[in-house]
Number of protein chains: 2
Amino acid sequence: MDDDLAISALAALAQKDRLATFRLLVSAGEQGLPSGQIAERLNIQPTRMSFHLSALERAGLLRTHRDGRRIFYAVSYAVMKDLLEFLTKDCCSGHPEICCDLGPQHTETMATRL
Amino acid sequence: MDDDLAISALAALAQKDRLATFRLLVSAGEQGLPSGQIAERLNIQPTRMSFHLSALERAGLLRTHRDGRRIFYAVSYAVMKDLLEFLTKDCCSGHPEICCDLGPQHTETMATRL
DNA sequence: TCCATATTTCAAGAATTCTTGTAATATCGA
DNA sequence: TCGATATTACAAGAATTCTTGAAATATGGA
């Protein structure tokens with residue numbers, strides 16, 4: 001991931017409505033949710049919702065598919081993963097004060113194998 | 001870390017000059033670098049540098065100390081760590097597609113122990 | 001085809017962020 | 001104290017982002 005892409009992903013998440021949207025869609029799983037339902041749950045009017053959804057999509061954090069007249073938005077994991085990798089490796093050079101204790105599923109390995 | 005703090009840290013990093021600054025200061029280590037030297041290395045004029053440094057500091061990502069007439073800026077690891085934890089845990093619910101392979105020091109464990 | 005629903009596009013104004021130049025503050029050394 | 005250096009503060013304009021309302025597009029069902 002290059003700097004420009006990272007910056008656009010960071011900027012996409014750096015906004016209340018969009019952060020809430022992303023988090024909601026993480027919990028919504030593979031299929032995602034239609035625009036209107038996201039708007040309703042987060043109490044955001046449709047036009048504004050559309051504006052923020054397209055910002056997240058432009059940054060590559062969401063993908064869409066149409067089902068009838070609804071357009072579903074779902075998290076696109078690859079870019080989020082790249083962003084976290086960018087932050088830990090490219091940006092922080094894997095600095096241990098910053099990066100240890102991330103990747104929670106590995107702790108099990110350490111506990112079980114000792 | 002609450003949402004507002006996360007948003008301000010994300011926004012702080014979502015800008016070319018500031019991202020470059022943060023990265024430079026990670027490589028500069030504990031003592032950091034004086035404002036003027038950061039500006040010179042990144043080819044940014046002093047006033048603008050000061051503006052961006054104070055944005056990073058306000059977000060908690062940098063700390064400062066004065067030495068004579070120079071003001072040193074250095075990375076404040078705690079907030080960056082909190083931000084990464086926020087993104088992996090609060091925001092992504094530790095979703096494995098996103099969070100695995102982070103925390104690079106664990107991979108050694110897997111390779112060596114098998 | 002006609003109407004209702006779901007969503008986006010467009011345009012205008014408000015708010016925020018960024019840049020630049022100038023002035024102010026702090027420190028050091030003579 | 002004076003002059004030079006390092007940095008920040010302030011102010012004004014430029015650029016970008018955000019919000020809102022009105023209109024356009026796409027789809028499904030009667």
Side-chain angles (χ1 to χ4, degrees), chain A residues 3-25 28 31-76, chain B residues 3-25 28 31-76:
Chain A
D3 284 19
D4 289 340
L5 208 62
I7 286 169
S8 90
L10 288 165
L13 293 171
Q15 206 276 347
K16 217 172 174 55
D17 294 336
R18 291 195 296 259
L19 182 58
T21 299
F22 188 85
R23 194 187 264 138
L24 175 61
L25 289 178
Q31 164 149 58
L33 290 171
S35 181
Q37 202 167 316
I38 304 170
E40 193 184 6
R41 289 215 209 168
L42 300 179
N43 203 28
I44 293 171
Q45 77 182 122
T47 297
R48 201 167 113 215
M49 190 75 256
S50 193
F51 172 80
H52 289 307
L53 284 169
S54 82
L56 285 162
E57 196 194 2
R58 257 197 321 280
L61 291 166
L62 300 183
R63 59 190 162 71
T64 70
H65 67 277
R66 183 183 275 277
D67 174 35
R69 50 189 131 175
R70 289 171 307 173
I71 296 178
F72 281 75
Y73 284 86
V75 168
S76 176
Chain B
D3 283 19
D4 288 340
L5 208 60
I7 287 169
S8 90
L10 289 165
L13 293 171
Q15 206 275 348
K16 219 174 173 53
D17 295 335
R18 289 194 296 256
L19 183 60
T21 298
F22 188 84
R23 194 188 264 139
L24 175 61
L25 289 178
Q31 164 151 58
L33 289 171
S35 181
Q37 200 167 319
I38 304 170
E40 192 183 9
R41 288 213 210 170
L42 300 178
N43 204 29
I44 294 170
Q45 76 182 121
T47 296
R48 200 167 114 216
M49 190 74 255
S50 192
F51 173 80
H52 289 308
L53 284 169
S54 80
L56 286 162
E57 196 193 2
R58 257 197 321 279
L61 291 165
L62 300 184
R63 60 191 161 73
T64 70
H65 68 275
R66 182 183 276 274
D67 174 34
R69 50 190 130 178
R70 290 171 307 175
I71 297 177
F72 281 76
Y73 284 85
V75 168
S76 174

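FYI, side chains are in, hydrogens and waters are out, and symmetry mates aren't considered; it's all heavy atoms of this structure. Because the structure is a prediction, the values reported are computed rather than measured. Labels below follow one simple rule: chain letters A, B, ... track the order of the sequence lines, proteins then strands, and each chain is numbered from 1.
Taking atom CD of residue B:Gln15 and atom C1' of nucleotide C:dT17, one finds them 9 Å apart after rounding to whole Å. Straight-line distance from the NZ atom of B:Lys16 to the P atom of D:dA15: 19 Å, rounded to whole Å. Taking atom CZ of A:Arg66 as the reference point, atom P of D:dA26 lies 8 Å away to the nearest angstrom. Protein atom CE of B:Met49 is 16 Å distant from nucleotide atom C1' of D:dA9, rounded to whole Å. The CZ-P distance, from A:Phe51 to C:dA15, rounds to 16 Å in whole Å. Taking atom CD on A:Glu40 and atom P on C:dT5, their separation rounds to 14 Å, with Å as the unit.
Residue A:Tyr73 places none of its side-chain N or O atoms closer than 4.0 Å to OP1 or OP2 of C:dA6. Remark: A:Gln45 is in phosphate contact with D:dG21, judged by side-chain N or O atoms under 4.0 Å from OP1 or OP2. Contact annotation: B:His52 side-chain N/O to C:dT17 OP1/OP2 distance is not under 4.0 Å.
Taking CG of B:Leu33 as the reference point, atom CD1 of B:Ile38 lies at 5.5 Å (rounded to 0.5 Å).
The closest donor-acceptor contact from the side chain of B:Arg18 to the backbone of B:Ala12 lies under 3.5 Å. For B:Arg23 (side chain) and B:Leu25 (main-chain N/O), no donor-acceptor pair under 3.5 Å exists by modelled atom type.
Around the CG atom of B:Asp67, the shell of radius 6.0 Å holds more than 12 heavy atoms that belong to other residues, nucleotides or ligands.
Judged by distance alone, with hydrogens and angles left aside, A:Thr47 brings a side-chain donor or acceptor within reach of the base of D:dA22, the pair sitting under 3.5 Å.
Where B:Ala55 and A:Arg69 each meet DNA chain C at their nearest nucleotide, the meeting point lying more 5' is that of A:Arg69. Both B:Pro34 and A:Arg18 lie close to DNA chain D; mapped to their nearest nucleotides by heavy-atom distance, the more 5′-ward contact belongs to B:Pro34. Each of B:Ser54 and B:Arg70 has a nearest nucleotide on DNA chain D; the 5'-most of these lies closest to B:Arg70.
Comparing D:dT19, C:dT27, C:dT19 against the side chain of B:Asp17 picks out C:dT19 as the nearest. Considering only the side chain of B:Ile71, D:dT7 comes nearest among D:dT7, C:dT7, D:dT27.
Among the protein residues, B:Arg48 comes within range of the nucleic acid bases, having at least one heavy atom under 4.0 Å from a base atom. Nucleic acid contact class of B:Phe72 (heavy atoms, under 4.0 Å, all strands): none.
Taking all atoms of both residues into account, the shortest heavy-atom contact from A:Asp17 to A:His52 is OD2-NE2, 3.5 Å.
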